[in-house]
Enquirer: 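Sharing a structure, written as structure tokens. Questions coming.
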Amino acid sequence: MKFSQRLYEKVLPIWESNHNHPFVKGMGNGTLEKDKFRFYMIQDYLYLIEYAKVFALGAVKATDLHTMGRFAALLNSTLNEEMELHRQYAKKFGITTEELEEAKPSPTTLAYTHYMLHVSQNGTLAELVSALLPCMWSYWEIGKDLKKIEGASEHEFYGEWITMYASDEFGQLATWCIELIDELSEGKSESELVKLEEIFLNTTRFEYMFWDMAYKETMWPTNE
Ligand SMILES: Cc1ncc(CO)c(N)n1
């Protein structure tokens with residue numbers, strides 16, 4: 001069995017909870033309250049700034065030019081395509097550039113991005129890829145799933161989101177990360193594989209928490 005398949009089976013129940021989460025369901029059927037999406041967009045923008053750095057660290061840790069080039073492409077597409085979607089959404093939702101730039105990360109955004117960066121800075125390339133893979137892979141799965149719903153990808157607010165994450169371009173980037181983890185995990189000992197699995201599980205858990213944080217608009221429990 002490919003290692004990516006083992007990872008997939010390990011976290012399948014969490015992925016099913018993602019697909020059934022009211023935030024994701026609400027984007028699919030168009031009933032999600034705009035304020036929740038607005039909150040999500042701001043937090044996701046902050047998330048992507050840190051996430052992009054994981055790709056930059058991937059380029060640093062790569063041991064061949066081909067892999068280095070792929071990480072450079074992922075960094076470019078995150079900064080200039082994916083975040084452009086967010087900037088367009090910000091305009092549409094009346095979020096000013098200042099509001100975006102001055103926004104503070106929620107506890108979940110902070111914990112998730114710091115965990116990813118911690119693994120990326122201190123771990124091997126395989127560990128870095130294990131940390132980022134649930135992001136790419138689960139969004140692609142959600143995008144494809146929501147696109148099947150009639151009219152969802154033409155929805156006034158959530159259509160563009162669905163179209164981007166269901167796209168072949170995004171799918172190709174996700175597929176490359178899946179293939180890379182299969183390559184990098186080859187020949188590793190069982191204890192190393194367990195470690196990679198643990199990292200993949202943790203960021204998968206954070207993905208669920210991110211949807212939940214957005215739905216509940218959770219910030220810090222005190223106002224100071
Ligand atoms: C929280 C989160 N995970 C994954 C993606 C996909 O890049 C995203 N934009 N945000």
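Worth knowing before you read on, the calculation uses all heavy atoms, side chains too, and leaves out hydrogens, waters and symmetry mates. Numbering of ligands and ligand atoms starts at 1, following listing order.
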Enquirer: Are Tyr40 and Phe37 close enough, and set up right, to give a ring pair (Phe, Tyr, Trp, His ring centres under 6.0 Å), and what steps lead you there?
Expert: CA-CA 5 Å; Tyr40 163 79; Phe37 192 75; 5.8 Å; yes
Enquirer: Which pairs pass ring pair (Phe, Tyr, Trp, His ring centres under 6.0 Å) with one or both residues in residues 63-88, sequence neighbours excluded?
Expert: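 Sorted pair list: Phe71-Trp176.
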Enquirer: Would you tell me whether Arg38 and Tyr89 have side-chain atoms, one donor and one acceptor, within less than 3.5 Å of each other?
Expert: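 Result is no, nothing qualifies.
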Enquirer: Within a 6.0 Å radius of atom CE on Met164, are there more than 12 heavy atoms belonging to other residues, nucleotides or ligands?
Expert: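 Buried by this count: over 12 neighbours within 6.0 Å.
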Enquirer: Taking any residue with a non-hydrogen atom under 4.0 angstrom from an atom of ligand 1, which ones do you get?
Expert: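 For ligand 1, the residues that come within the 4.0 Å heavy-atom cutoff are Asp44, Tyr47, Leu48, Tyr51, Glu82, Cys135, Tyr139, Tyr165, Glu207, Phe210.
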Enquirer: Tell me whether Ser167 contacts the main-chain N or O of Phe170 through its side chain, where contact means a donor paired with an acceptor under 3.5 Å.
Expert: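 Looks like yes, one N/O pair under 3.5 Å.
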Enquirer: Step through it carefully: locate the ring centre of Tyr165, locate the ring centre of Trp161, and say whether they are under 6.0 Å apart.
Expert: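 Yes, close enough.
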